[in-house]
Amino acid sequence: MLTRAANDDDRRRTTEFERLNFMVPITTFHYLVVAAALFVLGVIGVLTRRNVVIVLMSIELILNAVNLNLVAFSRMWGNLHGQTFAVFIVVDAAAEAAVGLGILIAFFRNKETINVDEIDLLKW
Amino acid sequence: MNSVVNTGAAPVATPFFFYFLAGAAIVSGLLVITRRNAVHSALSLIVTLLSVAGLYLMLYAPFVAGVQIIVYAGGIMVLFLFVIMLVNIERSAKDRQFNRIWPVGLAAACALLSLFVSAFVKGRNLFPDRLVALQESSNTQQIAAMLYGEAGRMGPYTFAFEIASLLLLVAILGAVIMTKKKI
Amino acid sequence: MLNAFMSYLGSTVPPGNADNQLWALIYVLIIFAGVSLAVVAMNWIERKALAHFQIRLGPMRVGPHGLLQPIADALKLMLKEDIIPAQADAVVFWVAPLIGLLAAFTVYTVIPFGPSQAVSDMNIGILFMLGVSSLGVLGIITAGWASNSHYPLIGALRSSAQMVSYEVAMGLAIVSALLMTSLNRTGTGTLSMIGIVEAQQQQGVWFIFKFFPLGLIAFVIFAIAMIAETNRAPFDLPEAESELTAGFHTEYSGLRWSLFMLGEYAAMIAVSSIAVTLWLGGWMRPFPNLLTGSAWDFIFSLFPGLTFAGLAAIAFIGTARMPAQAYFRIQRIGLAVFAALLGLIALLLLAIAVAGRTNDASIAGRFREGIDYVYWFVLKVAVFMYLFIWYRATWPRYRFDQLMRVGWKVMLPISLGVLILTAIVGVLIS
């Protein structure tokens with residue numbers, strides 16, 4: 001039976017392995033940075049794209065960034081409130097996608113366009 | 001019992017998988033907002049969603065990862081692809097891709113980014129540098145206790161759960177009313 | 001090295017949970033090879049069985065009774081020209097078959113062939129399976145879109161609508177089975193595939209017979225939905241050849257097309273395994289709680305060997321019945337060799353059963369146990385695979401609006417009703 005601590009050869013391999021892995025332990029902060037990057041990408045998509053479908057997808061990106069934050073904090077504090085919240089946000093995203101795409105189809109049927117800056121009438 | 005390489009439940013090569021998944025998520029997220037063709041955007045978004053699901057697994061949240069795969073990648077994205085194929089993407093792929101005020105939007109996003117950067121640079125030490133290993137083997141059961149309560153008592157989110165189901169019902173009705181020509 | 005290799009044999013949990021990467025890798029390879037072999041065998045059996053259903057002979061020329069036909073088919077597909085249509089979206093066209101294949105094969109990481117004969121026992125097992133197998137629809141939808149052609153696009157839209165619709169009924173049927181796992185002293189259910197089978201063992205009944213007829217109805221709904229999920233007859237509208245030539249894979253040819261086929265058959269085996277795990281007791285032999293004792297254990301452990309012996313006998317009879325002409329000599333020798341091979345496997349299995357009959361902890365006993373578990377699991381799955389062929393030979397294809405009507409207006413209300421009734425009965429009993 002070989003345990004990692006007991007075997008010298010094995011320990012050397014472990015350190016080499018960890019050096020390969022950039023030596024930095026992954027903390028909550030790392031996850032926050034990823035989430036922030038995804039969030040900013042989503043915001044850019046919402047603010048600059050014309051295609052409604054891609055705008056909706058960017059909103060999904062934003063929601064995912066929020067979810068990642070919640071789950072990371074859930075692990076930091078060691079309780080499951082964050083994960084439960086993430087489940088609720090997934091539910092919310094499903095509702096949003098269904099209604100958003102429904103509006104999109106109704107709109108496309110009337111105006112034959114899916115460009116967001118052509119949706120500029122309050123009534124027609 | 002006799003397993004030789006029993007190192008406990010610690011995942012192997014965590015930093016490698018983290019950087020791999022994070023890189024995949026961000027690169028494909030970038031593709032989502034830059035692709036001309038909406039189907040390519042949707043496929044990149046699926047890659048992002050799956051990488052984020054992998055990150056959840058690394059954060060000891062298997063249930064959220066499962067929900068992410070089944071609801072997002074299997075449900076919502078199929079809906080997106082379905083709608084993309086129903087509407088005419090040929091025209092919008094040839095169109096101008098960014099709206100007229102895109103510099104303003106980009107500037108606002110950059111402002112947000114700088115806000116994030118300054119908050120992270122200045123407040124890095126405020127985050128407690130701890131990671132708790134959550135109990136992975138009963139994750140689903142614990143989330144169920146949160147949502148439904150256990151031992152006859154209501155959980156902290158039981159009411160919110162009911163409201164969420166109502167929200168879904170309203171969303172179904174809304175989607176049907178929007179898309180049906182004649183009800 | 002040998003120590004590391006044998007280390008897992010004493011363990012009672014899957015290698016993924018024992019943190020034994022070597023054995024997990026071995027399991028992955030075994031399962032991959034096994035599933036690929038099963039797909040090849042299924043290909044042959046389907047052609048033969050369909051032919052016999054229609055009083056034809058089926059493939060007879062390549063090898064005795066067409067046994068080498070799958071190899072010939074594979075060679076043909078590999079050598080065929082691989083066409084990418086000029087107007088197609090090349091990248092997506094290239095990726096689409098891989099999505100379906102990956103989704104179909106990833107599912108196998110959680111399928112429990114035995115209490116420790118799985119790659120890993122996930123806490124979210126069944127959720128993972130459903131999620132990953134629902135990714136298969138992405139492969140179909142992207143394939144249809146990327147071909148940039150009318151029939152594939154219509155086929156893709158049909159299949160996505162069909163799979164999303166039937167997933168709802170399927171999910172509700174699964175939830176009603178999951179509710180049954182919580183009928184124990186603690187009142188906590190489980191999503192883990194191994195936990196589900198163990199719950200059936202504890203309650204002493206397969207979930208198909210639990211709360212008769214509720215379990216049976218849920219099972220039937222799942223059995224119908226899983227055919228729709230895998231796009232098989234009578235729900236094979238996405239590839240209805242009379243309407244859409246070949247549906248979403250019309251433009252595919254050669255190796256890429258065969259990847260679609262591989263993915264489809266792998267997905268069929270995967271959903272059958274879900275059904276077996278949830279309702280038919282997974283790896284358990286018949287009456288594990290009633291007929292206990294080492295004598296019964298020994299009798300049931302003879303079954304794998306006897307099955308192979310029966311197959312060998314059939315092959316020998318086939319050899320004997322071959323026409324006594326010089327033309328058939330090679331085929332006759334081939335079939336005799338095949339029969340001898342089957343007989344050899346049968347002898348090996350019987351030897352293991354006899355050697356491992358007393359001591360469960362020895363290596364032979366461990367092997368006997370594992371073979372038992374895998375045998376009963378595979379046997380139950382094989383019944384489903386035969387049913388897939390039988391349905392295809394028997395039933396005419398649905399029309400698309402009928403399909404949708406059945407999915408939403410019949411299956412969904414029934415599965416909801418079964419779910420509610422199961423919950424009520426469960427609460428009343430406990």
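Just so it is clear: chains get the letters A, B, ... in the order the sequence lines come, proteins before strands, and each one is counted from 1. The figures here come from the full heavy-atom set of this structure, side chains too, leaving out hydrogens, waters and symmetry mates.
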Of the listed residues ([options]), which shares the most heavy-atom pairs with chain A below a 4.5 Å separation?
options                              : answer
B:Ser41, B:Cys110, B:Ala22, B:Gly23  : B:Ser41
B:Ala25, B:Ala42, B:Gly174, B:Pro103 : B:Ala42
B:Ile143, B:Val67, B:Leu45           : B:Leu45
B:Ser165, B:Gly105, B:Ala175         : B:Gly105
B:Gly75, B:Ala160, B:Ala164          : B:Ala160
B:Ala171, B:Ala145, B:Pro156         : B:Ala171

> Does a sphere of radius 6.0 Å around OH in B:Tyr157 hold more than 12 heavy atoms from other residues, nucleotides or ligands, not counting ones at 6.0 Å or beyond?
Replying inline: yes
>> Taking CZ in B:Phe120 as the centre, count heavy atoms belonging to other residues, nucleotides or ligands within less than 6.0 Å. Is the count above 12?
In response: yes
>> Taking the ring centre of each residue, are B:Phe63 and B:Tyr56 less than 6.0 Å apart?
In response: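 No, too far apart.
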Given a strict heavy-atom distance threshold of 4.5 Å, which part of [X] is in contact with chain B: side chain, backbone, both, or neither?
X        : answer
A:Ala37  : side chain
A:Ile54  : side chain
A:Glu96  : neither
A:Leu32  : both
A:Ile105 : side chain
A:Asn79  : backbone

>> Can you list everything that forms a ring-ring contact (aromatic ring centres under 6.0 Å, His included) with B:Phe161? Sequence neighbours excluded, please.
In response: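 With neighbours one apart ignored, the set is B:Tyr148.
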> Who are the ring-ring contact (aromatic ring centres under 6.0 Å, His included) partners of B:Phe116, not counting sequence neighbours?
Replying inline: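 Applying ring-ring contact (aromatic ring centres under 6.0 Å, His included) to B:Phe116 gives A:Phe39.
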Got a second to check how far [X]'s [atom1] is from [Y]'s [atom2], nearest 0.5 Å?
X        : Y        : atom1 : atom2 : result
B:Asn37  : A:Asn51  : CG    : CG    : 9.5 Å
B:Ile84  : A:Leu101 : CD1   : CG    : 8.5 Å
B:Arg35  : B:Leu43  : CZ    : CG    : 11.0 Å
B:Gln142 : A:Gln83  : CD    : CD    : 8.5 Å

Just give me the residue among [options] that pairs up with chain B most often, heavy atom to heavy atom, under 4.5 Å.
options                            : answer
A:Val99, A:Val33, A:Val40          : A:Val40
A:Val34, A:Asn64, A:Val53, A:Leu61 : A:Asn64
A:Ala86, A:Ser58, A:Ala93, A:Ala65 : A:Ala93
A:Leu41, A:Thr48, A:Leu47          : A:Thr48
A:Val43, A:Asn67, A:Leu38          : A:Asn67
A:Leu56, A:Val71, A:Val55          : A:Val71

>> For a 4.5 angstrom cut-off between non-hydrogen side-chain atoms, does B:Leu147 reach B:Thr158?
In response: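 Not touching, per the 4.5 Å side-chain cut-off.
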> Is the closest side-chain heavy-atom distance between B:Leu31 and B:Thr48 below 4.5 Å?
Replying inline: no
>> Could you go through B:Tyr72 and A:Leu63, starting from their C-alpha distance and side-chain angles, then the distance that decides it, and tell me whether this counts as side-chain contact (heavy atoms from CB on, under 4.5 Å)?
In response: CA-CA 11 Å; B:Tyr72 261 120; A:Leu63 290 172; 3.8 Å; yes
>> With a 4.5 angstrom heavy-atom cut-off, is it the side chain or the backbone of B:Val32 that approaches chain A, or both, or neither?
In response: both
